[in-house]
Amino acid sequence: MKRVHGEIQGERLRAQEEVFALVRRIPSGRVMSYGQISELMDARLSPRAVGWMLHRCPEGLPWQRVVNASGGCSTDRLPDFPKGLQRSLLEGEGIEFRADGTLDMETYRWWPGRGRDGG
DNA sequence: CCATTGACGAAGA
DNA sequence: TTCTTCGCCAATG
């Protein structure tokens, strides 16, 4: 059964790459939520699992463009992570935050496949 | 293998 | 509307 285990690992790896591929497609100045990515993957990964995959994100991946469903920066919850980094990166892309520290998902949420950001 | 911990999210109080 | 509970899946001890 160890071979099965290997196949499972391969599947996880594939799911991981799929997450990365989606994140790479997010245009500058736009965002997707963890749950959105989960949904696009046909829920093969839960939103939590998506977050975990991003924990292992390769260098150069625009990870800052993934926020929680409320439009908040979940990275600020991590103990060993620079506070406010995600927000500054997004602000550098032209995104404006509200007083409560969240961004407007109605405005900035991006869906792949449409080729346009219309919104 | 079981318990605990997360870059989550929807539902209930 | 804010806070808590619970389900979710992967990783770690």
Side-chain angles (χ1 to χ4, degrees):
Chain A
M1 287 300 231
K2 284 187 177 175
R3 184 174 295 177
V4 174
H5 179 61
E7 288 178 12
I8 291 174
Q9 280 194 333
E11 208 169 313
R12 293 283 161 261
L13 199 63
R14 213 159 50 69
Q16 180 177 280
E17 288 173 2
E18 197 170 337
V19 171
F20 295 160
L22 276 169
V23 174
R24 267 189 280 263
R25 292 177 55 189
I26 308 174
S28 175
R30 306 300 294 274
V31 299
M32 286 205 296
S33 71
Y34 302 91
Q36 205 182 335
I37 293 174
S38 170
E39 189 180 327
L40 286 168
M41 294 178 65
D42 209 15
R44 271 175 292 138
L45 286 181
S46 72
R48 284 203 96 113
V50 171
W52 193 266
M53 292 294 150
L54 255 49
H55 202 262
R56 304 219 148 228
C57 74
E59 220 169 314
L61 192 85
W63 54 267
Q64 72 273 19
R65 295 173 192 157
V66 185
V67 298
N68 65 39
S70 307
C73 299
S74 298
T75 52
D76 285 341
R77 294 182 46 174
L78 289 167
D80 303 317
F81 206 88
K83 309 295 177 196
L85 173 60
Q86 184 171 15
R87 173 173 175 158
S88 356
L89 288 172
L90 290 175
E91 286 176 333
E93 298 180 0
I95 291 181
E96 295 177 21
F97 284 75
R98 309 184 189 108
D100 65 359
T102 67
L103 55 82
D104 183 13
M105 291 303 283
E106 296 282 333
T107 301
Y108 299 111
R109 186 195 296 275
W110 177 82
W111 289 93
R114 306 185 175 179
R116 282 179 124 35
D117 29 312

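Quick note on labels: first sequence line is chain A, next is B, and so on, each numbered from 1.
Put simply, the side chain of A:L89 does not reach to within 4.5 Å of the side chain of A:R65, judged on heavy atoms.
Atom P of nucleotide B:dG9 and atom CE of A:M41 are separated by 15 Å, given to the nearest angstrom. What separates CG of A:L40 from P of B:dG9 is a distance of 13 Å, to the nearest Å. Atoms CZ (A:R56) and C1' (B:dG6) sit 14 Å apart, rounded to a whole Å. Rounding to whole angstrom units, CE of residue A:M32 and C1' of B:dA7 are separated by 14 Å. Atoms CH2 (A:W52) and P (B:dT4) sit 16 Å apart, rounded to a whole Å. The separation between A:Q16 atom CD and B:dA7 atom P is 16 Å, rounded to whole Å. Taking atom CG of residue A:L45 and atom C1' of nucleotide B:dG9, one finds them 15 Å apart after rounding to whole Å.
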Residue pair A:W63, A:F81: steps toward the ring-ring contact (aromatic ring centres under 6.0 Å, His included) verdict: CA-CA 13 Å; A:W63 54 267; A:F81 206 88; 5.4 Å; yes

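One distance of note links CG of A:D76 with NZ of A:K83; it measures 6.0 Å at 0.5 Å rounding. Between the CZ atom of A:R24 and the SG atom of A:C57 there is a distance of 10.0 Å, given to the nearest 0.5 Å.
The closest side-chain donor-acceptor pair between A:R56 and A:Q16, if any, does not fall under 3.5 angstrom.
Both A:R44 and A:P47 lie close to DNA chain C; mapped to their nearest nucleotides by heavy-atom distance, the more 5′-ward contact belongs to A:P47.
In terms of modelled atom types and a separation under 3.5 Å, the side chain of A:Y108 and the main chain of A:M32 share no donor-acceptor contact. Judged by distance alone, with hydrogens and angles left aside, the side-chain atoms of A:Q86 form a donor-acceptor pair with the main-chain N or O of A:V66 at under 3.5 Å. With hydrogens and angles disregarded, a donor-acceptor distance shorter than 3.5 Å links the side chain of A:S38 to the backbone of A:L45.
Checking the phosphate oxygens (OP1, OP2) of B:dG9, no side-chain nitrogen or oxygen of A:S38 falls inside 4.0 Å.
You can see that DNA chain C meets the heavy atoms of chain A within a 4.0 Å-exclusive cut from C:dG7 to C:dT12, reading 5' to 3'.
One finds a salt bridge joining A:E18 and A:R44 here, because a Lys/Arg side-chain nitrogen approaches an Asp/Glu carboxylate oxygen to under 4.0 Å.
A:L54 comes within 4.0 angstrom of a base, heavy atoms only.
Stretches of at least 3 consecutive Watson-Crick or G-U wobble pairs, with each checked distance under 3.5 Å, appear in DNA chain B as B:2-6 with C:9-13, B:8-13 with C:2-7.
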